[in-house]
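Contents: one structure, followed by commentary.
Every chain is numbered from 1 and lettered A, B, ... according to where its sequence line falls, protein lines coming before strand lines. Computation of the quantities below employed the complete heavy-atom set of this structure, encompassing side-chain atoms and omitting hydrogens, waters and symmetry-equivalent molecules.
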Protein chains: 2
Amino acid sequence: MPYLNISHKDRLSQAGLRPTKQRLRLSEWLFTGEDKHFTAEQLHRDVKDGTEPVSLATVYNTLSAFTRAGLLKTVTVDSNRVYYDTNTDAHYHFYDEDGLVLSDIDSRGIEITGLPDLPVGADVERIDIIIRTRKN
Amino acid sequence: MPYLNISHKDRLSQAGLRPTKQRLRLSEWLFTGEDKHFTAEQLHRDVKDGTEPVSLATVYNTLSAFTRAGLLKTVTVDSNRVYYDTNTDAHYHFYDEDGLVLSDIDSRGIEITGLPDLPVGADVERIDIIIRTRKN
DNA sequence: TTACATGCAAACTGTTTGCAAATAT
DNA sequence: ATATTTGCAAACAGTTTGCATGTAA
């Protein structure tokens, strides 16, 4: 949550995105309440009906635009679908492989030691840590 | 490399898989030389021509069978395709996002501290660490 | 001779795209 | 007035599957 009480319209403007009805509806769904982990399909299910329905194509277009603008991040945990995360800070994830549910790991205090040198000519773009869990 | 000099035929038998020509050809490609990281498409490109060609469907079927049998592991780094790894030990990866090439991280000495408690009812299935790099 | 493997083509899933109509600036 | 966005339907990529033929046990 980069700004605590920014309006949905302002968030879009600041990201250089026109505040259309669909984007405002999606922004509302995404950036109200706690951080969210979801797929395009899940989001579409929630916004395809109602006063201001949003089509699947627009959901995809908008998720890409939001991600390009830095409002969202993608998380690669399943090679069949893309997960999105409203938390754009560096952090790690639990992935419940039974329920297919992602959740944040509280990163405070995590330390990784003993990592080897990078391949020459390479810069770290980001580090992903996913703890995959199953019900016991 | 679980057994140093096991024959391809024996490897299949021990995994409970019939040693067909196609599987032997794939086993040869996979388990000769150093550990490999690859996609189904890349493997198919290399085995679709030659004396004993292997079809794309069989490549997919066989990769699934080998993975189920524990001869291969999948690596989730890209939500568009599945990567396979002949190294089935617990270890981590570099992913070159420019070249789309996976490589192993030497895990010896890596330590992660400060991880939070698991969600209740959950067991760790595995921990994935991917260091994503870009050319500098 | 019976169960399993192969391979083609068709099906399927998640995602992207072309384009005409609608909307924001 | 102009550029951008929407949303349908069609296209697309990677993967899976149905089924007839072939092969291993």
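Residues satisfying the salt bridge (Lys or Arg N to Asp or Glu O under 4.0 Å) criterion with Asp104(B), sequence neighbours excluded, are absent altogether. Remark: Phe94(A) engages no residue in a ring pair (Phe, Tyr, Trp, His ring centres under 6.0 Å) (not counting sequence neighbours). Every residue two or more places apart in sequence or in another chain that forms a side-chain contact (heavy atoms from CB on, under 4.5 Å) with Leu24(B) is listed here: His8(B), Lys9(B), Leu12(B), Pro19(B). Checked against salt bridge (Lys or Arg N to Asp or Glu O under 4.0 Å), Arg18(B) has no partners two or more places apart in sequence or in another chain. Asp46(A) is linked by a salt bridge (Lys or Arg N to Asp or Glu O under 4.0 Å) to nothing, counting only residues two or more places apart in sequence or in another chain. With sequence neighbours excluded, the residues that form a salt bridge (Lys or Arg N to Asp or Glu O under 4.0 Å) with Asp98(B) are Arg134(B).
Applying the 4.0 Å criterion to OP1 and OP2 of dG7(C), one finds that Gln22(B) has a side-chain N or O inside that range. The phosphate of dG7(D) (OP1 or OP2) has a side-chain N or O of Thr58(A) nearer than 4.0 angstrom.
Per the geometry, CG belonging to Leu12(B) stands 18 Å off P belonging to dT23(D), to the nearest Å. What separates CZ of Phe38(A) from C1' of dG14(C) is a distance of 15 Å, to the nearest Å. Rounded to whole Å, the distance from CG on Leu43(A) to P on dG14(C) is 15 Å. Between Glu52(A) atom CD and dG7(D) atom C1' there is a gap of 13 Å when expressed in whole angstrom units. Nucleotide dC8(D) holds its P atom 12 Å from the NZ atom of Lys48(A), rounded to whole Å. Nucleotide dT15(C) holds its P atom 11 Å from the CD atom of Gln42(A), rounded to whole Å.
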Below 3.5 Å is the cut-off: list the nitrogen or oxygen pairs between protein and nucleotides 20-25 of chain C, distance only.
none

At a cut-off of 3.5 Å, list every protein nitrogen or oxygen paired with a nitrogen or oxygen from nucleotides 11-17 of chain D, distance to 0.1 Å.
{"unit_1": "dG14(D)", "atom_1": "OP1", "unit_2": "Arg81(B)", "atom_2": "NH1", "d": "2.8"}
{"unit_1": "dG14(D)", "atom_1": "O3'", "unit_2": "Asn80(B)", "atom_2": "O", "d": "3.4"}
{"unit_1": "dT15(D)", "atom_1": "OP1", "unit_2": "Val82(B)", "atom_2": "N", "d": "2.7"}
{"unit_1": "dT15(D)", "atom_1": "OP2", "unit_2": "Tyr60(B)", "atom_2": "OH", "d": "2.5"}
{"unit_1": "dT15(D)", "atom_1": "O5'", "unit_2": "Tyr60(B)", "atom_2": "OH", "d": "3.4"}

Side-chain donor/acceptor pairs under 3.5 Å, residues 112-124 of chain B, sequence neighbours excluded:
{"unit_1": "Asp123(B)", "atom_1": "OD1", "unit_2": "Asn136(A)", "atom_2": "ND2", "d": "3.1"}

Can you give me every donor-acceptor pair (side chain of residues 52-60 of chain B, partner residue at least two apart or in another chain, under 3.5 Å) with its distance?
{"unit_1": "Ser55(B)", "atom_1": "OG", "unit_2": "Thr58(B)", "atom_2": "N", "d": "3.2"}
{"unit_1": "Ser55(B)", "atom_1": "OG", "unit_2": "Thr58(B)", "atom_2": "OG1", "d": "3.2"}

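The salt bridge (charged side-chain N to carboxylate O under 4.0 Å, His left out) analysis of residues 58-85 of chain B, with sequence neighbours excluded, yields the pairs Asp78(B)-Arg81(B).
Counting heavy atoms from C-beta outward, Leu71(B) and Phe31(B) have side chains that approach closer than 4.5 Å.
Note on ring orientation: taking the six-membered ring where Trp is involved, the planes of Tyr83(A) and Tyr95(A) are perpendicular (angle over 60°, cut-offs 30° and 60°).
Within the helix from dT1(C)-dA25(D) to dT25(C)-dA1(D), the inter-axis angle between the opening and closing five-pair segments is 30°, rounded to 10°.
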